[in-house]
Participant: 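This is the structure, below, for whatever I ask next.
So you know, we letter chains A, B, ... as the sequences are listed, proteins then strands, and number each from 1. Atoms considered below: every heavy atom in the structure, side chains included; atoms not considered: hydrogens, waters and symmetry mates.
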Amino acid sequence: MAVLSQARALSSRARSQRVAGAGVWATSREAFWIALEALRAHKLRSFLTLLGVVIATTTLIVVMSIVNGMNVYIATKIANLGSNTFVLHQFKWAQGYDEMLKALRRNKPIRMEDYKYLQESLIGYEAISAISQLQPGPQARYQGHSIDEVTLIGVTASHAIIGREKALYGRYISDQDDRRSAHVCFIGQDIVDKLFPMVDPIGKELNVGGHTFNVIGVADKVGSAFGISQDNFVFIPMGAFRNLYMPNLELMVFIKAPDSRHMMELEDEVRVLMRARRHVPYHDDDPFGINASETLMAAWRNLTGSIFAVTIGIVAVFMVVGGIVIMNIMLASVTERTHEIGIRKSLGARRRDIMLQFVIESAVMASVGGIVGVALAILIAWVVRAFFTASVPLSGVLIGVGLSSAVGLFFGIYPANKAAKLQPIEALRMEN
Amino acid sequence: MASQVETSSVLDRQAPPEEVLIRTEELWKTYDMGAAAVQALCGVTFDILRGEYVAIMGPSGSGKSTLMNLVGCLDTPSSGKYWLNARLVSELTDDELAYIRNKEIGFVFQTFNLLARATALHNVELPLIYNGTPSKEREEKASEALNMVELGDRMYHKPSELSGGQRQRVAIARALVNNPSLILADEPTGNLDTATGDEIMNLFDRLHESGNTIVLVTHEHDIAARAHRIIHIRDGKIDRDERIK
Ligand SMILES: Nc1ncnc2c1ncn2[C@@H]1O[C@H](COP(=O)(O)OP(=O)(O)O)[C@@H](O)[C@H]1O
Ligand SMILES: [Mg+2]
């Protein structure tokens, strides 16, 4: 008996819920079409109404897309020292300009003796190399052609294993070249394109900053980062580099570990060795920088955080402005349609039915703004991709549309409540 | 179920017996117009039984619409009591009033009060939407009601595409679609020519024959004469209450 009546109570509740659902669905669907119809009927007004939400959504998604694109870009082009590779340098990278100046003043440069010491004392690395770059870059000439500024770098032969510049033809700089301080060079594709457009560069005498070098190899194309070509380089043996340009070498030392687990150990070991060598007291900071791809990624993530903080501020302002405009339009709509509200109430609409109708209408209106914003953002991302990088994330699209409809919902509450509170007869009396 | 228990507490000593659909007692309505207050109703008391066909007559400004709006639960009296279906209306909640307007009363207005944007069918569906009738059943019932007022072939027309008589028939279909126990009509033929008005009145006659309780407001004798009882109102008071059939 008890079970039976309980079952009946349950089924009757289920029925009443289904019935309520039908009403909610019908009201929502009607509100949806009314909102679209209102937008269609007053195109200019709708455009102005939704401008705030559109700008907010577009801004959000464009920023997300560019950052998203940049993530990949930074990871592959900027923060890519090669796998399991880290760099010992005079200072830690990507810390900000002031920090860098301070480190330059305080820290001694990495010298050839440091490199030799590490090469001998460090164990378990796959390769260790040193490079040094001439600043500013010198001019390069071959017969009638010239390039005003090239990236001139002295390298040890071991950099062939670590560096991204791989020989396409000819050969890399060898240990023997280094020992003999041979006047030979290994050049990038840009040098080939500009100085040797019609001839095979191998064996030719290239003039760099007043000294000539025999071209022994050409590198495969590396590509460009932020629109700056990475192929405008001339590598020469470290020995020659020291003799000709920089008697007191300042180096970057590249160390490649056999795998990622050993990389951490090697970093620690380099740190211990270098601190001992520099006689650093226990509590002092490193007077050098150990830089990995991760250092650069961390700096980028840091920057990303600031970009998003600013973006969220801008988006919030536009969303609130957009929301207030929508609220005003909805208030006007409630006034315009008071008679309609009266009719609906006279037919048995409850407060919550009217409330639902206007809130949905407001949310639909704002969502249309969101969708327009998304479409615009996709268009902008597409244009940006032509000369930079951008990739629209699905999460951005969802957040954009979700956020704008939430704004519509929220700012629709006040007008909807105003409509819902109207007394039937007073509303009916308003003729329009 | 729970509300059934509550309503018994609403039952008053003066609560009317089962067969009385409407009971009013000393209904007053004052419109506060700032400086001057307008006394639209000055103590109106009457009973209307189930199945009656009543006309309320009186000159313009005598308080007929005010009275109808009170009876239709669209407005509240300044003082006095009103029972509908043995329930004291002043003690009902907002939602219960909405339920009554939806299920128990079908209101026909002089100015039709149709949604201009919506088709005839959608206008008739509205009361069904507000009691959560599923869409298929809703469409069936609404088209059935439109067929009953002979507008089966005009279901997808908007009010602007219909004649005055047709609009009023849509409004009547809308009033009937939930099978209300009471049909109220405030000068339903007021905006129609005589011939069309007659058609509409024939419709009310038929509705009454099929058992509906009808209260209609008019200031035309011909129309009042179709009812079984005429309540004459003057200056917000009942002047005369005559049974004519
Ligand atoms: N909303 C209102 N505000 C002020 N006065 C009103 C209002 N509605 C009706 N009245 C006044 O109440 C009296 C009765 O009006 P009403 O009930 O509309 O009469 P009827 O329908 O019989 O013509 C009239 O004097 C009218 O001016
Ligand atoms: Mg009137």
Participant: Between A/Pro424, A/Ala26, A/Ala349, which has the largest tally of heavy atom pairs under 4.5 Å with chain B?
Facilitator: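 Among A/Pro424, A/Ala26, A/Ala349, the one with the most close pairs to chain B is A/Ala349.
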Participant: So which atom in B/Met68 and which in B/Leu216 form the shortest heavy-atom distance, rounded to 0.1 Å?
Facilitator: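 Scanning both residues, the minimum pair turns out to be CE-CA, 4.4 Å.
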Participant: Around B/Asp235, counting heavy atoms of other residues, nucleotides and ligands shown, do more than 12 lie under 6.0 Å from its CG?
Facilitator: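 No, CG of B/Asp235 has 12 or fewer neighbouring heavy atoms, counting only those of other groups under 6.0 Å.
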Participant: Under a 4.5 Å heavy-atom cutoff, which of B/Leu126, B/Leu115, B/Thr76 has the most pairs with chain A?
Facilitator: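 Looking at each of B/Leu126, B/Leu115, B/Thr76 in turn, B/Leu115 comes out on top.
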Participant: Could you pull out the closest heavy-atom pair between A/Ala381 and A/Val392, with the gap in Å?
Facilitator: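 Looks like CB-CG2, 3.6 Å.
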Participant: With a 4.5 angstrom heavy-atom cut-off, which part of B/Thr111 approaches chain A: side chain, backbone, both or neither?
Facilitator: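 Contact with chain A involves the side chain of B/Thr111 alone.
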Participant: Side chain, backbone, both or neither: which part of B/Asp94 has an atom under 4.5 Å from a heavy atom of chain A?
Facilitator: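 For B/Asp94, the contact with chain A is made by the side chain alone.
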Participant: Once you round to the nearest 0.5 Å, how far does CG of B/Leu182 lie from CD of B/Glu104?
Facilitator: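 Answer rounded to 0.5 Å: 9.0 Å.
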Participant: Quick check: are there more than 12 heavy atoms from other residues, nucleotides or ligands sitting under 6.0 Å from NZ of A/Lys418?
Facilitator: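 Open: at most 12 neighbouring heavy atoms sit under 6.0 Å from NZ of A/Lys418.
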Participant: Counting only heavy atoms closer than 4.5 Å, note whether B/Ile100 contacts chain A via side chain, backbone, both or neither.
Facilitator: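 Neither part; nothing is under 4.5 Å.
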Participant: Run the salt-bridge test on A/Arg40 and A/Glu37 with the 4.0 Å N-O cut-off and return the result as yes or no.
Facilitator: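 Yes, this pair counts.
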Participant: Quick one: what part of A/Glu30 sits under 4.5 Å from any heavy atom of chain B, side chain, backbone, both or neither?
Facilitator: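 The side chain, not the backbone.
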Participant: Please classify the contact of A/Arg352 with chain B as side chain, backbone, both or neither, using a heavy-atom distance under 4.5 Å.
Facilitator: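 A/Arg352 touches chain B through side-chain heavy atoms alone.
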Participant: Counting heavy-atom pairs closer than 4.5 Å to chain B, which one of A/Asp353, A/Leu428, A/Leu347 comes out on top?
Facilitator: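 Highest number of heavy-atom pairs under 4.5 Å: A/Leu347.
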